[in-house]
Trainee: 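Can you read through this structure? Questions will come right after.
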Amino acid sequence: MKERGRVLCFLIAAYLLAKSILNLIIGGFAAANWISVLLAAGFAAVLILGIRYTNYIVAALTALIALRYFPGNLRGLPGTWLYLTEGIIDFAAAGLLIFSKDILAHMQRGLQAK
């Protein structure tokens, strides 16, 4: 159960990093995009380490960011289908981080040594 949660957290972390790097390339190398990469790296670190309760913080911030851009992505269709898909995956990842029993088991170990 904890192992499956760790794998799911790793996959979500990899997705968040890949998404922010893709946005950096597509959107240009502006300061806001670099901040997004740093934020995703921080999210990835706490998810992989399993720091207690940070899954809720990562889920909330991921969902809020996706919610912020969701209306514009809907209005901009079909040109924004990539960003709309990204937002839907963000909501799914946030849901997993909050409701998956496997992820919750992984995140309950805190910073304890293995």
Side-chain angles (χ1 to χ4, degrees):
M1 196 163 166
K2 283 185 181 182
E3 181 63 28
R4 191 177 315 141
R6 188 179 69 75
V7 170
L8 285 171
C9 282
F10 180 80
L11 291 173
I12 291 170
Y15 160 73
L16 291 173
L17 280 169
K19 173 185 88 152
S20 63
I21 291 170
L22 179 64
N23 284 336
L24 179 70
I25 293 168
I26 291 174
F29 294 90
N33 290 335
W34 282 107
I35 291 170
S36 175
V37 171
L38 292 175
L39 189 62
F43 287 174
V46 297
L47 289 177
I48 291 170
L49 291 174
I51 298 174
R52 186 173 291 190
Y53 306 124
T54 55
N55 57 312
Y56 298 113
I57 296 167
V58 173
L61 292 175
T62 301
L64 284 173
I65 292 167
L67 190 60
R68 159 71 176 88
Y69 292 103
F70 203 70
N73 292 338
L74 283 174
R75 282 192 302 270
L77 283 174
T80 57
W81 66 269
L82 179 64
Y83 295 111
L84 183 61
T85 303
E86 176 185 313
I88 291 168
I89 295 171
D90 286 347
F91 288 129
L96 274 175
L97 287 170
I98 293 171
F99 299 113
S100 170
K101 291 182 183 191
D102 296 331
I103 290 177
L104 294 177
H106 168 67
M107 299 305 288
Q108 292 307 313
R109 70 181 184 91
L111 286 175
Q112 302 165 356
K114 290 184 179 180

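Here the structure is a predicted model, which is why all the values come from computation and not from measurement.
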Trainee: In Å, rounded to the nearest 0.5 Å, how long is the span from CG of L104 to CZ of R52?
Mentor: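 Taking CG in L104 and CZ in R52, the distance rounds to 12.0 Å.
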Trainee: Can you tell me which residue pairs pass the salt bridge (Lys or Arg N to Asp or Glu O under 4.0 Å) test with a partner in residues 57-80, sequence neighbours excluded?
Mentor: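 For residues 57-80, and leaving out neighbouring residues, there are no salt bridge (Lys or Arg N to Asp or Glu O under 4.0 Å) pairs at all.
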Trainee: Would a hydrophobic clustering, with Ile, Leu, Val, Met, Phe, Trp and Tyr connected at side-chain separations under 4.5 Å, put L16 with L24?
Mentor: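 Hydrophobic grouping puts L16 apart from L24.
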Trainee: Quick one: name the residues clustered hydrophobically with V7, using the 4.5 Å side-chain heavy-atom rule over I, L, V, M, F, W, Y, and just say none if it's on its own.
Mentor: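 Under the 4.5 Å side-chain rule, V7 groups with L11.
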Trainee: Enumerate the residue pairs fulfilling side-chain hydrogen bond (donor to acceptor under 3.5 Å, both in side chains) with a member in residues 77-87, sequence neighbours excluded, ordered by first and then second residue.
Mentor: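 Residue pairs with at least one partner in residues 77-87: N23-E86.
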Trainee: Please examine the side chains of T54 and L49, heavy atoms only from C-beta on, and report whether any two atoms are closer than 4.5 Å.
Mentor: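 They are not in side-chain contact.
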Trainee: Can you give the donor-acceptor pairs under 3.5 Å from side chains of residues 90-97 to other protein atoms, not counting sequence neighbours?
Mentor:
from, atom 1, to, atom 2, distance (Å)
D90, OD1, Y15, OH, 2.7
D90, OD1, K19, NZ, 3.2
D90, OD2, K19, NZ, 2.9

Trainee: Mind jotting down which residue pairs meet the side-chain hydrogen bond (donor to acceptor under 3.5 Å, both in side chains) criterion with at least one end in residues 95-104? Sequence neighbours excluded, please.
Mentor: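 Listed by first then second residue: R4-D102.
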Trainee: Is the number of heavy atoms from other residues, nucleotides or ligands under 6.0 Å of Y69 OH greater than 12?
Mentor: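 Incorrect, the count does not exceed 12.
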Trainee: If you look at every heavy atom in G28 and N33, which pair is closest and at what distance?
Mentor: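 So the two residues come closest at O-ND2, 2.6 Å.
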Trainee: Between Y56 and F99, is there shared hydrophobic-cluster membership here, with clusters defined by ILVMFWY side-chain heavy atoms closer than 4.5 Å?
Mentor: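 Yes; tracing contacts between hydrophobic side chains, which count when under 4.5 Å, links both residues.
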Trainee: Are the side chains of I12 and I103 in touch, meaning some heavy atoms are under 4.5 Å apart?
Mentor: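 Yes, at least one pair of side-chain atoms sits under 4.5 Å.
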Trainee: With side chains defined as the heavy atoms from C-beta onward, is the minimum distance between L39 and I65 less than 4.5 Å?
Mentor: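 SC-SC contact between L39 and I65 confirmed.
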Trainee: Can you find a heavy atom in the side chain of L74 that is under 4.5 Å from one in the side chain of L84?
Mentor: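 Heavy-atom side-chain distance check passes, below 4.5 Å.
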Trainee: Please report the shortest heavy-atom distance between G50 and H106, naming the atom on each side.
Mentor: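 Here G50 and H106 meet closest at CA-NE2, 3.5 Å.
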Trainee: Say whether I51 and F43 are linked into one hydrophobic cluster, either directly or through other cluster members, by side-chain heavy-atom distances under 4.5 angstrom.
Mentor: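 I51 and F43: one cluster.
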Trainee: State plainly whether one hydrophobic cluster holds both L61 and L47, where clusters connect Ile, Leu, Val, Met, Phe, Trp and Tyr through side-chain heavy atoms under 4.5 angstrom apart.
Mentor: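 They do share one cluster, since a chain of ILVMFWY contacts under 4.5 Å joins L61 to L47.
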Trainee: Quick check: do I88 and F70 have side-chain heavy atoms less than 4.5 Å from each other?
Mentor: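 Yes, at least one pair of side-chain atoms sits under 4.5 Å.
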Trainee: List, by chain and then residue number, the residues other than L38 in its hydrophobic cluster (Ile/Leu/Val/Met/Phe/Trp/Tyr, side-chain heavy atoms under 4.5 Å); write none if there are no others.
Mentor: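 Its cluster mates, by chain and number: none.
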Trainee: Closest heavy-atom contact between M107 and V46?
Mentor: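 What the structure gives for the nearest pair is CE-O, 3.9 Å.
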Trainee: Please give me the minimum heavy-atom distance between A59 and I98, naming the atom from each residue.
Mentor: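 So the two residues come closest at CB-CG1, 3.6 Å.
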